[in-house]
Amino acid sequence: MYHIKTFNQIATAGLKRFEPNEYIINASEQADAWVLRSHNVHDEAIPPHLLAIARAGAGVNNLPLDQLAKQGVVAFHTPGANANAVKELVLASMILSVRPIVKGFNWVNEQATESQSQLEEAMEQQKRQFLGAELRGKKVGIIGLGAIGASLANDLLQLGVDVIGYDPHLSVDAAWNISKHVTRAKHLSEVLGSVDLLSIHMPLTKETRFSIDRSWFERMKPGMTVLNFARGELVKDADLVEAFHHHVGLYITDFPRHSLIGHPQVMALPHLGASTKESEVNCAIQAVETLKLYLETGNIRSSANFPNAELPYTGKRRLAILHQNVPNMVGQITGELASHGLNIDNMINRSRGEMAYTLIDLDNNEHEPLSIHALYDIKGVIRVREF
């Protein structure tokens, strides 16, 4: 039986994936795994028995990834589960950027004391001030062609938009999801200097934090609309405010920053990207399923602090080893197994930065049994699980 502790409100459809004969939810503080959404784990003491944390969402800013990795706690997230919700919000924001819909809505409400005839007369006189433009025929640049960016690009094509995308880390799998009619830029400058609207979908990393700065804005077309539905910390606010004088006409973001609130060229939303019933259900289901996969088979999928690694689970004796990514680690592990007369049937080793993960299926034999405590004698081994 695995004990699961939940934080925040997790969609019931996800929690139902925990079979009651195998999982107990919120019955013990000695939980094997946590499931959460926005709960800040930076403020939590990580218990030594904790095996994994699954976040029902794509972002992982509320998880201390390095600390968790050093303690052998695998952190999962749900990339792509909220992609449609975010994409639809970006599309809505693009339409709002070219049509003064909010301005028109507010104006009508201000006419509440007028008669119907007065209202109709005023509309004829004033509607010119609500003249907008159409998204069709515009050129939109997308930075980051992951699940959200790729889906956005494909939908914009259906609206008659000319789309150019840039992603220096585009994977083969992601490329298959992008229409051939999306122009792929080889250099960032090809996008910044040519589009009318720019949509940001980059991941927030040490390298990308505050990377959207003066060097970006100075290469943009004058009056460009910039949409940031990735992370607020990607943009250097002081440089953005300076860019409002010439290069940036409108900045739309789902991540309000105190230094930008109230600026006439900023449209900020209260982090609504994944706030749909469908998205919450999708994220919860994906979080639970990836967590169960790890707990039951040792396979890692969609981890934020360890490499993904999967071997088909055949029921043979399996060892799952979390360790530091140092030279000769795999050699030491296999040597220890050999010293106990144990043969390896199948093995996979994957690394990610300073961390690595090894899955080993052993032959069914009658040789000397291995105590997993022997593997902890190898310097750099963090956690060993046996199945």
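All values below come from the heavy atoms of this structure, side chains included, with hydrogens, waters and symmetry mates left out. Just so it is clear, the structure is predicted and the values come from calculations on it, not from any experiment.
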Decide side chain to side chain contact (heavy atoms under 4.5 Å, CB included) for Leu291 and Phe18; before the verdict, give the C-alpha distance in whole Å, the side-chain angles of both, and the deciding distance to 0.1 Å.
CA-CA 10 Å; Leu291 180 59; Phe18 286 123; 4.0 Å; yes
Can you confirm whether [X] sits close enough to [Y] that some side-chain heavy atom of one is under 4.5 Å from a side-chain heavy atom of the other?
{"X": "Val73", "Y": "Trp34", "answer": "no"}
{"X": "Phe217", "Y": "Leu240", "answer": "yes"}
{"X": "Trp216", "Y": "Leu188", "answer": "yes"}
{"X": "Asn82", "Y": "Gln286", "answer": "no"}
{"X": "Gln158", "Y": "Asn154", "answer": "no"}
{"X": "Lys316", "Y": "Asn346", "answer": "no"}
{"X": "Arg184", "Y": "Ile178", "answer": "no"}
{"X": "Phe229", "Y": "Leu269", "answer": "yes"}

So Arg214 and Lys236, side chain to side chain contact (heavy atoms under 4.5 Å, CB included) or not? Walk me through it.
CA-CA 8 Å; Arg214 183 180 293 121; Lys236 193 170 183 179; over 6 Å; no
Minimum heavy-atom separation for [X] to [Y], with atom names?
{"X": "Met1", "Y": "Pro20", "value": "CE-O, 3.8 Å"}
{"X": "Ala274", "Y": "Val86", "value": "N-CG2, 4.4 Å"}
{"X": "Ala284", "Y": "Ile10", "value": "CB-CG2, 3.9 Å"}
{"X": "Ala175", "Y": "Leu170", "value": "CB-CD2, 4.0 Å"}
{"X": "Leu65", "Y": "Ala304", "value": "CD1-O, 3.7 Å"}
{"X": "Phe306", "Y": "Arg352", "value": "O-NH1, 3.3 Å"}

All N/O donor-acceptor pairs, side-chain side in residues 320-329, below 3.5 Å, sequence neighbours left out:
residue, atom, partner, partner atom, Å
His323, NE2, Asn349, OD1, 3.4
His323, NE2, Thr358, OG1, 2.8
Asn325, ND2, Gly353, O, 3.1

Can [X] and [Y] be counted as having a side-chain donor-acceptor contact under 3.5 angstrom?
{"X": "Lys87", "Y": "Asn84", "answer": "yes"}
{"X": "His49", "Y": "Gln30", "answer": "yes"}
{"X": "Gln332", "Y": "Glu336", "answer": "no"}
{"X": "Thr6", "Y": "Asn26", "answer": "yes"}
{"X": "Thr205", "Y": "Glu207", "answer": "yes"}
{"X": "Ser303", "Y": "Asn305", "answer": "yes"}

Cluster check [X], [Y]: I/L/V/M/F/W/Y, side chain < 4.5 angstrom:
{"X": "Ile382", "Y": "Phe76", "answer": "yes"}
{"X": "Val108", "Y": "Ile101", "answer": "no"}
{"X": "Tyr357", "Y": "Ile378", "answer": "no"}
{"X": "Leu362", "Y": "Leu375", "answer": "yes"}
{"X": "Leu68", "Y": "Leu36", "answer": "yes"}

Aromatic rings His271 and Phe255: how do their planes relate, parallel, tilted or perpendicular, breaks at 30° and 60°?
tilted
Would you check, one step at a time, whether the test side chain to side chain contact (heavy atoms under 4.5 Å, CB included) holds for Glu114 with Glu121?
CA-CA 10 Å; Glu114 303 293 328; Glu121 181 180 355; over 6 Å; no
Sorted by first residue and then second, give each ring-ring contact (aromatic ring centres under 6.0 Å, His included) pair with at least one member in residues 163-208; sequence neighbours left out.
none
Within this structure, what is the [atom1]-[atom2] distance for the pair [X] and [Y], rounded to the nearest 0.5 Å?
{"X": "Arg385", "Y": "Leu319", "atom1": "CZ", "atom2": "CG", "result": "11.5 Å"}
{"X": "Lys221", "Y": "Leu192", "atom1": "NZ", "atom2": "CG", "result": "12.0 Å"}
{"X": "Lys5", "Y": "Glu29", "atom1": "NZ", "atom2": "CD", "result": "4.0 Å"}
{"X": "Lys292", "Y": "Glu19", "atom1": "NZ", "atom2": "CD", "result": "3.5 Å"}
{"X": "Ile285", "Y": "Thr290", "atom1": "CD1", "atom2": "OG1", "result": "12.0 Å"}
{"X": "Tyr313", "Y": "Leu359", "atom1": "OH", "atom2": "CG", "result": "11.0 Å"}

N/O donor to acceptor pairs below 3.5 angstrom from side-chain atoms of residues 128-148, sequence neighbours left out:
residue, atom, partner, partner atom, Å
Gln129, NE2, Gln126, OE1, 2.8
Lys138, NZ, Glu134, O, 2.7

Applied to residues 59-81, the side chain to side chain donor-acceptor pair (under 3.5 Å) test, sequence neighbours excluded, yields Arg55-Asn62, Gln67-Gln71
Pairwise side chain to side chain donor-acceptor pair (under 3.5 Å) hits with a residue in residues 249-267, at least two apart
Asn228-Tyr251, Asp237-Arg257, Asp237-Ser259
Under 6.0 Å from the [atom1] atom of [X], do we count more than 12 heavy atoms belonging to anything else shown?
{"X": "Tyr376", "atom1": "OH", "answer": "yes"}
{"X": "Gln118", "atom1": "CD", "answer": "yes"}
{"X": "Gln9", "atom1": "CD", "answer": "no"}

Could you go step by step and tell me if Arg301 and Glu289 meet the salt bridge (charged side-chain N to carboxylate O under 4.0 Å, His left out) rule?
CA-CA 10 Å; Arg301 182 187 301 164; Glu289 290 296 340; over 6 Å; no
Could you please spell out the steps behind the side chain to side chain contact (heavy atoms under 4.5 Å, CB included) verdict for Arg231 and Thr208?
CA-CA 10 Å; Arg231 286 294 165 188; Thr208 61; over 6 Å; no
Counting only pairs under 3.5 Å, give me each side-chain donor-acceptor contact of residues 90-100, with atom names and distances, residues two or more places apart or in other chains.
residue, atom, partner, partner atom, Å
Ser93, OG, Leu89, O, 2.9
Ser97, OG, Met94, O, 2.5

Has [X] got a side-chain atom pairing as donor or acceptor with [Y]'s backbone, closer than 3.5 angstrom?
{"X": "Asn299", "Y": "Leu293", "result": "no"}
{"X": "Tyr294", "Y": "Val74", "result": "no"}
{"X": "Gln111", "Y": "Trp107", "result": "yes"}

